[in-house]
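Labels below follow one simple rule: chain letters A, B, ... track the order of the sequence lines, proteins then strands, and each chain is numbered from 1. Keep in mind that this is a model prediction, so the values were computed, not measured.
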2 protein chains.
Amino acid sequence: MNTLKTIVTLNAATDACQLCHAKSVCFSSHLKTEDLHRFKDAVVHKTPIERGELLFMAGDNIKSVFVLHSGSVKAYLESEDGDNQITGFYLPGDVIGIHGIEKKCHTDTVEALETSSVCEIRFNNLDDIFDSFPALQKELLDFIFKEMNHDQEMMLVLGKMSADRRMAYFLLDTSKRMQEHGLSNSRINLTMTRHDIANYLGLAVETVSRILTRLQKSEIIHVDRRSVTIINRARLEKIYSCSGNEHIGHRNNH
Amino acid sequence: MNTLKTIVTLNAATDACQLCHAKSVCFSSHLKTEDLHRFKDAVVHKTPIERGELLFMAGDNIKSVFVLHSGSVKAYLESEDGDNQITGFYLPGDVIGIHGIEKKCHTDTVEALETSSVCEIRFNNLDDIFDSFPALQKELLDFIFKEMNHDQEMMLVLGKMSADRRMAYFLLDTSKRMQEHGLSNSRINLTMTRHDIANYLGLAVETVSRILTRLQKSEIIHVDRRSVTIINRARLEKIYSCSGNEHIGHRNNH
DNA sequence: CGATGTATTGAACTCGATCAAACAGTGTGG
DNA sequence: CCACACTGTTTGATCGAGTTCAATACATCG
């Protein structure tokens, strides 16, 4: 378990990007055709990794950046006591493995939530990353800044919000991100466990479970195992934005 | 209150960097002499801002990046309900105003904690920021990545740690950063209020106050108003790293 | 001085954690 | 096909860390 897969270079690497179903959301889509060829030479497709397997671990040397091709993964920081903190969930098109670039080694560990595959963009020299593909520089930076904004937003969520608001935030944010990645924005497919959600939001599993149940009883969402459908987005947004007012149902409303 | 100061270009801009007491910690120290001249032309020194005044606000257009020259500032996110979240405290040499660059407007607000001054590095075009001074590119990126790692670390602090651990983290981290900036690492001068510390750590003011008192009674730190001296760093580190064990004194140990 | 912002301390309360147990899927192997 | 182990999820009952409310102390400054 948790072994790193060996790298397999595809013969058809040149065509791979054209055929890639994540093409439209991949940051390489911003390259001009002449650059695209050089880019493809740097790209290595890795064999899929299974649920629970690691893409890399905190401490590993960084020699490349990854773009998630299919599936979904979680990134987490390892704490001194085994109490990890999930820092994010990633979807196809997302850039992975940029944290700790300046230290030349990963600061986080990335683990597959389901069978997933990535494109690995190799660099001879880490300092090259921003020089090799000038056209990609802006895209990569945009991604880095988006990541920073997300992390700061999480500071607000974790530092200030009630459990209900955190959960509402998670559902709305996941919905938004799925939409940005070309997926349905009302039916959310949770590839992570309740435990992962709880960890990410700084809550206990039981709390996550209870809130989901309450949201369902209030007919704001519909929950079926790992599939969550947003029924009443307005009320969910109200729970997220309002600190008071909109409460989720009562103990017994029969 | 809270008005932005007008910009004053110093005649002696060329010498300013040489004379600057933050020179050794400023990222411009990595420039070669030929670049340094071009750099100085881009630098504008702003008149000092007083405690409570804003350097910029969330939503303002970004047309430059700042380096803190003297004093200290806090950055915070504004929440929909007036409940802000402080995302960081900055010391001389720190780069400020990089969040939201890809959106071309600030995502956070920066406010002086004491009389402070900054160097403003102007850019004609935001996309220039990483092209104008190739030698600075790495330094600026290092700073950005360091910031990202800090933000993620805060996710762990806010998501997983007890109030005691958060406080220990804050004291140790502040101490470390002050040392990196060439200041004493055992006597910490807190330029922010208890309220700010509480906000930053996701706690109530009263909790911060109580923990400081307890830490003092246990002879781990000495508190005198805004000045905190670390007496027993080992025990403080134990509180930070251990989740259990090392507890801070008892109610009454007389 | 009094006035104001900041800090401490005490008492009561609450949200969410923890503990405990049952339940639901999903294999796995006889 | 069923018994089983195993992992993930739900639900209930209890507990406690930290919040909230309230009052007081302290520092600084007009």
Side-chain angles (χ1 to χ4, degrees), chain A residues 1 50-52 74 83 86 111 113-114 157-168 170 189-217 221-228 239 243-244 247-252 254, chain B residues 1 50-52 74 83 111 113-115 157-168 170 189-217 221-228 239 243-244 247-252 254:
Chain A
M1 30 88 87
E50 300 295 322
R51 173 180 176 79
K74 64 177 172 184
D83 206 1
I86 295 179
E111 180 180 327
L113 293 168
E114 59 188 317
V157 170
L158 296 172
K160 296 281 169 293
M161 295 191 187
S162 68
D164 288 349
R165 290 185 74 189
R166 293 185 202 198
M167 200 65 222
F170 174 74
N189 186 31
L190 301 174
T191 53
M192 70 294 287
T193 66
R194 304 287 141 104
H195 229 105
D196 287 336
I197 299 172
N199 179 299
Y200 179 60
L201 296 177
L203 301 170
V205 208
E206 295 93 327
T207 307
V208 168
S209 180
R210 272 185 255 271
I211 293 175
L212 284 176
T213 307
R214 260 189 293 151
L215 285 170
Q216 164 144 265
K217 277 186 182 151
I221 62 172
H222 178 258
V223 185
D224 176 22
R225 205 123 184 65
R226 295 281 179 93
S227 165
V228 172
I239 292 169
S243 42
H247 280 293
I248 316 171
H250 301 284
R251 279 160 268 259
N252 302 305
H254 44 65
Chain B
M1 30 84 86
E50 301 294 323
R51 173 178 176 80
K74 64 177 171 183
D83 208 0
E111 181 181 328
L113 292 169
E114 60 187 317
T115 307
V157 171
L158 295 171
K160 296 282 169 293
M161 294 191 187
S162 69
D164 288 350
R165 290 185 74 189
R166 293 185 202 197
M167 200 64 221
F170 174 73
N189 185 30
L190 301 174
T191 54
M192 70 295 286
T193 66
R194 305 287 141 104
H195 229 105
D196 287 336
I197 299 173
N199 179 301
Y200 180 59
L201 296 177
L203 300 170
V205 209
E206 295 92 329
T207 309
V208 168
S209 182
R210 273 185 254 269
I211 294 175
L212 285 176
T213 306
R214 259 189 294 151
L215 285 169
Q216 165 145 263
K217 278 187 181 149
I221 61 173
H222 178 257
V223 184
D224 176 23
R225 203 120 188 69
R226 295 281 179 92
S227 166
V228 173
I239 292 169
S243 43
H247 279 294
I248 316 171
H250 301 285
R251 278 161 270 259
N252 302 307
H254 46 64

What are the two closest non-hydrogen atoms of [X] and [Y], and how far apart are they?
{"X": "B/L215", "Y": "B/M167", "result": "CD1-CG, 4.4 Å"}
{"X": "A/T193", "Y": "A/R226", "result": "CG2-NH2, 3.4 Å"}
{"X": "A/T191", "Y": "A/E114", "result": "CG2-OE2, 3.2 Å"}

Legend entry - Any donor-acceptor pair under 3.5 Å from A/R166 side chain to A/L158 backbone: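 Checking the backbone N and O of A/L158 against the side chain of A/R166, a donor-acceptor pair under 3.5 Å is found.
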
Legend entry - DNA chain C contacts made by residues 195-207 of chain A, counting heavy atoms under 4.0 Å: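 Of all residues in residues 195-207 of chain A, the ones placing a heavy atom under 4.0 Å from DNA chain C are A/G202, A/L203, A/A204, A/E206, A/T207.
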
Legend entry - Partner residues of B/T115 under the side chain to side chain donor-acceptor pair (under 3.5 Å) criterion, sequence neighbours left out: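 Once residues adjacent in sequence are excluded, the partners of B/T115 under the side chain to side chain donor-acceptor pair (under 3.5 Å) criterion are B/E50.
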
Return the polar atom pairs (N/O with N/O) between nucleotides 5-8 of chain D and the protein under 3.5 Å, or none.
none

Take atom [atom1] of [X] and atom [atom2] of [N], then tell me their distance rounded to the nearest Å.
{"X": "A/L190", "N": "D/dT10", "atom1": "CG", "atom2": "P", "answer": "10 Å"}
{"X": "B/M167", "N": "D/dA17", "atom1": "CE", "atom2": "P", "answer": "19 Å"}
{"X": "B/M161", "N": "D/dA17", "atom1": "CE", "atom2": "C1'", "answer": "17 Å"}
{"X": "A/L215", "N": "D/dT11", "atom1": "CG", "atom2": "P", "answer": "13 Å"}

Mind checking the [atom1]-[atom2] spacing from [X] to [Y]? Nearest 0.5 Å is all I need.
{"X": "A/M192", "Y": "A/Y200", "atom1": "CE", "atom2": "OH", "value": "9.0 Å"}
{"X": "B/R225", "Y": "B/L190", "atom1": "CZ", "atom2": "CG", "value": "11.5 Å"}
{"X": "A/M161", "Y": "B/D83", "atom1": "CE", "atom2": "CG", "value": "9.0 Å"}

Legend entry - Sequence-distant partners of A/N199, side-chain contact (heavy atoms from CB on, under 4.5 Å), two or more places apart: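 side-chain contact (heavy atoms from CB on, under 4.5 Å) list for A/N199, sorted by chain: A/Q85, A/I86, B/K160.
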
Could you go through residues 203-212 of chain B and list every donor-acceptor pair under 3.5 Å that involves a side-chain atom there, pairing it with any protein atom two or more places apart or in another chain?
none

Legend entry - Opening and closing nucleotides of DNA chain C in contact with chain B, under 4.0 Å to non-hydrogen atoms: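 Contacts span C/dT6 to C/dA11, reading 5' to 3'.
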
